Number of protein chains: 2
Amino acid sequence: MALGTGYAQQNCSIARALEIVGERWTMLVLRDCFYGVRRFSDLLGHLDISRAVLTERLASLTDAGLLERRSAGGHPEYLLTAAGIAFWPTLYSLSRWGERYAGDGGRTRTFSHAGCGGEVDDLGQCPVCGTTPGPADLIVTLVEGSSGHRRSDPVSLALRRPHRLLQPVTPVAG
Amino acid sequence: MALGTGYAQQNCSIARALEIVGERWTMLVLRDCFYGVRRFSDLLGHLDISRAVLTERLASLTDAGLLERRSAGGHPEYLLTAAGIAFWPTLYSLSRWGERYAGDGGRTRTFSHAGCGGEVDDLGQCPVCGTTPGPADLIVTLVEGSSGHRRSDPVSLALRRPHRLLQPVTPVAG
DNA sequence: GGTTGGCAGTCTGGTCATCAGACCAAACTA
DNA sequence: TAGTTTGGTCTGATGACCAGACTGCCAACC
């Protein structure tokens with residue numbers, strides 16, 4: 001949060017969590033990381049965010065231990081750490097709430113268990129095998145007919161195909 | 001979010017959710033509502049927030065349908081609606097993540113099922129009876145010895161006792 | 001009936017964060 | 001070697017947030 005008067009006095013795990021992930025754009029950066037976006041320019045194009053703010057968010061997420069900055073092929077890549085991956089349930093829960101109460105009520109994306117194909121429920125549990133798959137075992141699929149096809153940047157196009165979370169996306173040029 | 005360039009282009013339920021609950025202080029206001037804080041002055045004292053910002057947050061949460069403003073005894077009260085109550089899993093999940101990765105790793109609060117006394121797990125499920133209690137059926141208890149006793153405003157003092165979520169707190173004067 | 005006091009806001013001037021867009025350095029490519 | 005891509009930094013303008021002063025409403029009390 002990095003303001004003079006942050007949430008420090010709140011002494012509450014929610015407040016402390018929000019000190020790390022509560023700033024504008026931060027959770028959307030994490031969402032993109034789960035979707036497999038790893039590069040500065042891809043995040044920039046997909047989020048429509050100011051370069052300075054993206055730089056700052058990536059640095060603070062890295063400082064906080066949710067992301068790891070790694071050089072790959074001459075360019076940096078930002079990968080989720082264990083602490084970052086552990087944030088998935090919160091993001092999933094927020095997504096489900098948003099589908100129900102911040103849109104037209106319909107599904108926009110579904111998440112299915114890569115192991116058995118079951119579509120996970122509100123709690124993230126697979127109704128077929130009864131486990132709670134981590135993000136690495138989930139396949140995200142855009143719901144056809146949802147309002148989910150507006151953007152046309154390369155990353156958005158690449159994300160229209162079903163794909164496994166955390167696996168790197170390869171944006172198509174154009 | 002109410003900025004010229006919000007998250008509108010993101011076309012994603014997470015982005016839409018964050019348009020409503022993603023601003024500074026908003027989730028902490030909701031947290032306090034779950035804890036039973038209902039009055040403007042109590043929120044003000046417990047959150048250490050600017051009056052203008054609290055006014056704006058309460059108005060936008062009311063507009064978005066998460067809170068309901070109701071006159072009670074000559075003063076307004078802010079109560080969670082169904083949409084607001086449905087936000088509990090996200091808040092709980094964020095709290096658990098924060099305990100693990102944004103603090104010393106220890107529990108600060110526990111939530112137990114009022115029906116059978118079981119302490120709910122990471123997913124919010126009661127290990128005793130197997131159900132997933134809603135917030136109205138949860139009792140929050142501050143963990144002794146956690147760093148959770150810093151604040152001394154009347155609301156914080158009232159919240160030190162175990163109490164059921166959504167039940168109104170009665171701050172002690174002083 | 002007038003006064004007092006608490007409550008729920010609004011208003012104000014200053015500070016901080018974010019914005020769009022220009023600029024820059026390093027690495028790769030032709 | 002010149003140009004392009006990538007990953008940033010810098011700048012001036014705008015908007016959000018801050019602490020604190022101020023206002024209007026209502027109930028209780030004298």
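Keep in mind that what you see is a predicted model, and the values were worked out from it rather than measured.
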Subject >> Closest approach of A:Trp97 to B:Ala17 (non-hydrogen atoms, all atoms of both residues) >> reply: CE3-CB, 3.9 Å
Subject >> Distance, rounded to the nearest Å, where A:Leu54 contributes CG and C:dT18 contributes P >> reply: 12 Å
Just list the side-chain donor-acceptor pairs under 3.5 Å for residues 70-79 of chain B, sequence neighbours left out, or say none.
| residue | atom | partner | partner atom | Å |
| --- | --- | --- | --- | --- |
| B:Arg70 | NH2 | B:Glu68 | OE1 | 3.2 |
| B:Arg70 | NH2 | B:Glu68 | OE2 | 3.3 |
| B:Tyr78 | OH | B:Arg69 | NE | 3.2 |

**OP:** Among B:Cys126, B:Pro133, B:Pro127, find the residue that satisfies the side chain to side chain contact (heavy atoms under 4.5 Å, CB included) test when tested with B:Cys129.
**Re:** B:Cys126
Subject >> Phosphate-side-chain proximity, B:Arg24 and D:dC17, N/O vs OP1/OP2 below 4.0 Å >> reply: no
Original post:
Quick one: on DNA chain C, does A:Ile49 or B:Asp42 contact a more 5' nucleotide (nearest heavy atom)?
Top reply: B:Asp42
**OP:** Show your working on salt bridge (charged side-chain N to carboxylate O under 4.0 Å, His left out) between A:Arg96 and A:Asp121 and close with a plain yes or no.
**Re:** CA-CA 10 Å; A:Arg96 296 308 301 264; A:Asp121 64 12; over 6 Å; no
Original post:
Does A:Arg57 put a side-chain nitrogen or oxygen below 4.0 Å from OP1 or OP2 of C:dA17?
Top reply: no
Subject >> Qualifying ring-ring contact (aromatic ring centres under 6.0 Å, His included) pairs with a residue from residues 33-63 of chain B, counting only residues at least two apart or across chains >> reply: B:Phe34-B:Trp88
Original post:
Nearest of D:dG8, D:dC17, C:dG9 to any side-chain atom of B:Val53?
Top reply: D:dC17
Original post:
Expressed in angstrom and rounded to an integer, what is the separation of B:Glu56 atom CD from C:dT10 atom P?
Top reply: 11 Å
Original post:
Taking only N and O in the side chain of A:Tyr78, is any of them less than 4.0 Å away from OP1 or OP2 of D:dG8?
Top reply: yes
Subject >> A:His75 NE2 to C:dA26 P, straight-line distance once rounded to whole Å >> reply: 15 Å
Original post:
For B:Ser41, which contact category applies under a 4.0 Å heavy-atom criterion: base, sugar-phosphate, or nothing?
Top reply: sugar-phosphate
Original post:
For nucleotides 21-30 of chain D, read 5' to 3', which letter fits each nucleotide if B means a protein heavy atom sits under 4.0 Å from the base, S means only the sugar-phosphate is that close, and - means neither?
Top reply: B---------
Original post:
If you check every side-chain atom of B:Phe40, which of D:dG8, D:dC10, C:dG9 has the closest atom?
Top reply: C:dG9
Original post:
Taking CG from A:Asp48 and P from C:dT18, how many angstroms apart are they, rounded to a whole number?
Top reply: 17 Å
Subject >> Interatomic distance where CD belongs to A:Glu19 and P belongs to C:dA17 [whole Å] >> reply: 13 Å
Subject >> SB check B:Asp48 B:Arg151 (cutoff 4.0 Å) >> reply: yes
Subject >> Side chain of A:Arg69 - closest among D:dA19, C:dC7, D:dG8 >> reply: D:dG8
Original post:
Rounding to a whole Å, what distance do you find between A:Leu58:CG and D:dG7:P?
Top reply: 11 Å
Subject >> Value in whole Å for how far the P atom of D:dC18 lies from CG of B:Leu44 >> reply: 11 Å
Subject >> Point-to-point distance, once rounded to the nearest 0.5 Å, from OG1 of B:Thr132 to CG of B:Asp137 >> reply: 11.5 Å
**OP:** Could you check how far CD of B:Glu23 sits from P of C:dA17, rounded to whole Å?
**Re:** 16 Å
